[in-house]
Amino acid sequence: MNRPDLSKADQVSMDDKTDPPAAEDVLRVEGITKAFGPIKVLRGVDLHLAPGEVLGVVGSNGAGKSTLVKIITGYQPPDQGQLYVEGEPVDLHSVQDARSHGIETVFQDLALVDELSVYHNLFLNREVTSGGRFRFLNNRRMRADAMRYLEEIQVDIPSVDLPVEKLSGGQRQAIAVARATRREDVKILLLDEPLAAMGAKEAKLIIDLVKSLARNRGVSMLVIDHNYTHIFELCDRVNVVEQGRITLDKRTADTSLAELTEFMVSSYRQQVEGASA
Amino acid sequence: MVVSESTHVAPPPAPEAKEARATAVKRRLWLRRLLQGQELVIAVIGVALAIFFSIYSSAFSSQSNVATLSTYVAPIMIFGIAEVFVLTLGEIDLSVGEVYVLSPFLVVYLHDAGLGVLGGIVISLVACAAIGLINGLITVLLNVPSFITTLGTVFALQGIVLLSSNGIQINPAGSGTIAKILGGSTYSPIIWALAIAVVGHIVFRRTTFGLHVTAVGGNQTASGEAGVRVGAVKIWCFVLCSLLGGLIGILDGYRIGSLNPGTDGLTMMFYGVAAAVIGGTALTGGRGTMIGAGIGAIVLGVLEDGFNIIGINAFAYQLVLGLAILGAMILNIQLERTRSGRGSGSLARLITRLGGRRATSS
Ligand SMILES: Nc1ncnc2c1ncn2[C@@H]1O[C@H](COP(=O)(O)OP(=O)(O)OP(=O)(O)O)[C@@H](O)[C@H]1O
Ligand SMILES: [Mg+2]
């Protein structure tokens, strides 16, 4: 690592030398770079995700976390680098591609269409259809399934027929999470700030849902969150993204809220000093 | 205060009760949507206008006038349906009116080149779809706003029509049964228009494609993130719009019996846009209604025909039409604001409040 002058070097224990072999990882990301014009957002990101593991990704605003998620979910292509799903190299050309590999995403902007009803949003682009090639919507089935699933995960909304614009911020977020978790065969779940607008009770609901998915269905997850308390509650491991790279990779059991906070603050100080030097 | 530890947990509502509540909400929503969505409002206005003209002049409700009225309504309705596809995306197709002018000429040229009438019609329609494809590709791949793309196509097509025809009026190719079916007999255009409206409505409301059109128009980024192929959906809408434009051109050619290269395609197109907007389709995208466009077309047709019968001159008709469109747009925006809880359209508030009361009491 080319971090100059690590005064707190003892805290920055990078364990990427001790990575398990690739075959064990359900997801592996190697050397991802991405630039938007002159701005190099990602400068070589490596990360891995074991089956059933919940990985937290933290980093300051604009660090490139969402960009990373969009690459893993096939929404944007990387400039360089390779993704591996269950050891196999994959090239994702679309969100649909990623889905076929069992990757589901809750985007930071939630990716909901305000004008459409709750159930149409839940089923957007994987509608239940009949009539073969003509793909007639089976609205009745979609409504019923939406109601059943939302009830199952205890998301309370007045009606699945309401347009999503009528819902509160937290309810919208719950719908976005529900959309990503609804599928039975989801293997990798990417959650980009899934709790940002939620009240304590609703956040707990989602946290429990996410935990049970990881535990009972063995779903691997990548969770982005600015709230470190959530990270420690949810995640087995945490990665810090800074200036386009992963600069810290630790098991949450081996670190603490104080240490993580201190790491972020100290690296910020270094950046400031580096800039002024 | 002693809170007993007894299990005073409210039993979960019976599933039937929940279902009933949801159905009630759904029914109310449907009524509200109809009222807010303007279809009903504009239908009432249409009926009122028809009654007014009937009282004013008995000629309005005569059988021959109903036939005339239908020929006014038919092309506007098809243009309206065509535009709903692109307007719902938040796009517009200005060129569809010129496609309308071009398509019957193409049939004649192909016929002159030795092709059968039917073959000529099919090839002409394919060409019209190709024009839509070009509009769509330029808009999507080169990121040109559709207003600009299709403005360019309008003039290009106008040039093609004038050059190829030397500006001379000609007769449509073919006669007899084909001509009769395709707009030649009295009620043929309106039957085509209604059939297209029904199919358009089903495609728009009942298929994945229709849902994706609304989704892309509502939130392009979100639709893309959900995996909807945004570009393909947009291109298809331009193709459909242009294809319908070509079809009306052929229908109107046989109805009128002659083809005029100087026909004002832009005005025809704007009638379609007006019908769509009056019916409740949002120019900003995300909300479109085929039924609304159909009703809007009927209202415009009733206005035009009614004024003709009353004997108001064409200039006054233009003025009233302009005001009607303006009024409809204002109503549209006000309803939209009330619906989304922003601001307070007083007129719209009144209407939705009346509608809401009726909906809850039913
Ligand atoms: N499509 C794009 N075009 C140009 N620049 C972009 C694009 N997407 C992201 N960026 C830039 O890339 C950088 C990283 O953005 P990103 O959304 O990945 O940050 P983030 O880590 O998710 O931040 P936050 O915590 O605020 O969500 C930002 O500077 C942003 O302006
Ligand atoms: Mg982000």
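A note on names: the letters A, B, ... follow the listed sequences, proteins ahead of strands, and every chain is numbered from 1. Fair warning: this is a prediction, and the values are worked out from it, not measured in the lab.
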Quiz item: Between B:Ala226 and A:Leu124, which heavy-atom pair has the shortest distance, and what is it?
Solution: CB-CD2, 3.8 Å
Quiz item: Tell me, side chain or backbone of A:Asn139 under 4.5 Å from chain B's heavy atoms, or both, or neither?
Solution: side chain
Quiz item: By side chain to side chain contact (heavy atoms under 4.5 Å, CB included), which residues pair with A:Pro89, not counting sequence neighbours?
Solution: A:Gln82, A:Tyr84
Practice problem: Pick one of side chain, backbone, both or neither for A:Thr129, based on which atoms fall under 4.5 Å of a heavy atom in chain B. | Solution: side chain
Quiz item: OH/A:Tyr75 to CD/B:Glu225 distance, rounded to the nearest 0.5 angstrom?
Solution: 5.0 Å
Self-check item: Nearest-0.5 Å distance that lies between atom CG in B:Leu211 and atom CD in A:Glu127
Solution: 5.5 Å
Quiz item: Less than 4.5 Å apart, any side-chain heavy atom of A:Leu137 and any of B:Thr208?
Solution: yes
Exercise. Working to the nearest 0.5 Å, report the span between CZ of B:Arg287 and CG of A:Leu116.
Key: 13.0 Å
Self-check item: Closest contact, heavy atoms only, B:Gly224 versus A:Val95
Solution: O-CG2, 3.7 Å
Self-check item: residues 106-114 of chain A: residues contacting chain B (heavy atom under 4.5 Å, by number)
Solution: A:Phe107, A:Asp109, A:Ala111, A:Leu112, A:Val113
Practice problem: May I have all residue pairs that pass salt bridge (Lys or Arg N to Asp or Glu O under 4.0 Å) and include part of residues 181-191 of chain A, sequence neighbours excluded? | Solution: A:Glu86-A:Lys187, A:Glu104-A:Arg183, A:Arg183-A:Asp185
Quiz prompt | A:Arg126, CZ: over 12 other non-hydrogen atoms inside 6.0 angstrom | solution = yes
Quiz item: For A:Phe36, does the CZ atom sit with more than 12 other heavy atoms under 6.0 Å from it, leaving out its own atoms?
Solution: yes
Exercise. Give, as side chain, backbone, both or neither, the part of A:Arg99 having an atom under 4.5 angstrom from any heavy atom of chain B.
Key: side chain
Self-check item: Close side-chain approach of A:Gln96 to B:Arg229, heavy-atom, < 4.5 Å
Solution: no
Self-check item: Residue-level contacts of residues 83-91 of chain B with chain A, using a heavy-atom cutoff under 4.5 Å
Solution: none
